[in-house]
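Worksheet: one structure, shown below.
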Amino acid sequence: MRISQLSAETGVPIPTIKYYLREGLLPSGEQTSATRAEYGEAHVRRLRLIRALLEVGRLPIASIAKVLAAVDDEELSMHRVLGTAHYAITPATTPPPDGEEWRRARDEADRLISGLGWRIEPWAPAREELAQALYTLARLGMPMDEESLRPYTRAVETLVEHEIGVLPLDGPRETAVETLVVGTVMHGRVLDVLRRLAHESASARFFGVAPGEDGDKAHTGP
């Protein structure tokens with residue numbers, strides 16, 4: 001297909017495609033003349049992945065380039081490829097100025113991960129993210145330990161087993177990484193929304209609110 005057809009197929013504007021070509025994010029097409037190149041399904045998949053990383057993962061171009069380099073490195077295992085994408089979309093964490101409390105939270109996060117038997121790299125950014133959450137909870141007077149986190153870890157393990165099980169690993173790596181990125185971000189949002197909806201429903205059950213009891217107040221909250 002020509003670049004105009006590639007643009008129509010993917011929804012990516014032609015100037016943007018040309019930018020990706022110049023930056024090396026998208027492989028060159030097959031030159032059929034001095035001014036024309038042909039593109040194929042591999043280019044469609046690559047553009048879909050770039051869009052997922054950019055629009056869903058909110059990654060800068062430099063980070064996208066690192067993920068794409070991992071995808072193209074045939075010597076990397078799928079675990080490393082998916083890990084590169086996961087690490088890229090994990091928010092950066094800045095340690096708070098209170099060093100001692102932060103160290104306790106970091107140690108608690110490490111103990112939790114170790115106690116669960118999870119195989120997590122020491123430099124995994126999600127370790128810092130977990131420590132940040134534990135630190136904030138402790139500062140608010142609501143500390144959590146392994147026992148209080150157990151319902152969450154059990155639910156997460158079940159969910160992740162399902163998510164990993166449905167990754168399309170029998171096709172191009174781009175497709176698996178795209179599925180991981182979109183799933184991690186968007187399914188995470190869906191999970192958060194469902195949790196809040198379940199909270200409202202459970203609150204109504206626990207506190208004996210009958211369906212429709214609040215009338216117009218339902219538009220402003222429970």
Side-chain angles (χ1 to χ4, degrees), residues 6 10 12 17 20-30 39-93 106-133 146 149 152-191:
L6 180 62
T10 61
V12 179
I17 293 176
Y20 293 156
L21 288 166
R22 290 195 303 271
E23 292 297 312
L25 302 180
L26 185 68
S28 300
E30 182 181 351
Y39 302 89
E41 286 304 313
H43 295 90
V44 173
R45 289 193 300 268
R46 179 53 58 95
L47 284 175
R48 287 187 56 177
L49 175 55
I50 292 172
R51 288 193 66 180
L53 294 168
L54 182 67
E55 298 174 14
V56 179
R58 302 293 184 184
L59 295 184
I61 292 298
S63 296
I64 291 175
K66 291 180 181 178
V67 175
L68 297 181
V71 170
D72 292 336
D73 188 348
E74 295 295 336
E75 294 186 2
L76 285 183
S77 67
M78 181 56 75
H79 172 66
R80 291 298 180 190
V81 174
L82 297 178
T84 300
H86 249 150
Y87 287 12
I89 63 176
T90 300
T93 300
R106 187 65 165 78
D107 290 343
E108 183 63 34
D110 289 341
R111 280 194 297 271
L112 172 65
I113 293 170
S114 177
L116 290 168
W118 290 356
R119 296 168 57 186
I120 310 296
E121 299 288 3
W123 55 84
R127 281 183 183 268
E128 304 297 313
E129 194 177 8
L130 175 59
Q132 181 78 66
E146 185 175 348
L149 282 167
Y152 299 93
T153 57
R154 285 174 178 167
V156 165
E157 286 177 330
T158 300
L159 177 62
V160 169
E161 286 292 325
H162 166 72
E163 291 179 337
I164 293 294
V166 299
L167 281 178
L169 300 176
D170 57 348
R173 285 181 164 190
E174 281 99 340
T175 304
V177 174
E178 178 192 1
T179 303
L180 175 81
V181 170
V182 174
T184 299
V185 176
M186 298 309 300
H187 292 171
R189 293 178 190 171
V190 170
L191 182 63

What's the separation between atom [atom1] in [X] and atom [atom2] in [Y], rounded to the nearest 0.5 Å?
{"X": "Thr84", "Y": "His79", "atom1": "OG1", "atom2": "NE2", "value": "9.5 Å"}
{"X": "Arg106", "Y": "Thr93", "atom1": "CZ", "atom2": "OG1", "value": "10.0 Å"}
{"X": "Arg127", "Y": "Leu112", "atom1": "CZ", "atom2": "CG", "value": "10.0 Å"}
{"X": "Ile17", "Y": "Leu25", "atom1": "CD1", "atom2": "CG", "value": "12.5 Å"}
{"X": "Leu26", "Y": "Ile50", "atom1": "CG", "atom2": "CD1", "value": "5.5 Å"}
{"X": "Arg58", "Y": "Ile64", "atom1": "CZ", "atom2": "CD1", "value": "11.5 Å"}

Minimum-distance pair of heavy atoms, taken over all atoms of [X] and [Y]:
{"X": "Gly57", "Y": "Ile89", "result": "CA-CG2, 4.1 Å"}
{"X": "Thr175", "Y": "Pro168", "result": "CG2-CG, 3.7 Å"}
{"X": "Val177", "Y": "Ala85", "result": "CG1-CB, 3.8 Å"}
{"X": "Arg51", "Y": "Thr10", "result": "NH1-O, 2.7 Å"}
{"X": "Glu178", "Y": "Ala52", "result": "CG-CB, 3.9 Å"}
{"X": "Ser28", "Y": "Leu21", "result": "CA-CD2, 3.9 Å"}

Q) Got more than 12 heavy atoms from elsewhere within 6.0 Å of CZ, Arg111? A) yes
Q | Heavy atoms from other residues, nucleotides or ligands near CD of Glu121 exceed 12 (cutoff 6.0 Å) | A |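 Atom CD in Glu121 is crowded, with more than 12 foreign heavy atoms closer than 6.0 Å.
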Any donor-acceptor pair under 3.5 Å from [X] side chain to [Y] backbone:
{"X": "Ser114", "Y": "Asp110", "answer": "no"}
{"X": "His43", "Y": "Pro27", "answer": "yes"}
{"X": "Arg45", "Y": "Arg173", "answer": "no"}

Q.
So Leu54 and Leu59, do their side chains get closer than 4.5 Å, heavy atoms only?
A. no
Q: Check whether any side-chain heavy atom of Arg46 lies under 4.5 Å from a side-chain heavy atom of Tyr20, and answer yes or no.
A: no
Q | From CA spacing to verdict: salt bridge (Lys or Arg N to Asp or Glu O under 4.0 Å), Glu157, Arg154 | A | CA-CA 5 Å; Glu157 286 177 330; Arg154 285 174 178 167; over 6 Å; no
**Q.** Audit row: Val181, Val67, side-chain contact (heavy atoms from CB on, under 4.5 Å) steps and yes/no
**A.** CA-CA 11 Å; Val181 170; Val67 175; over 6 Å; no
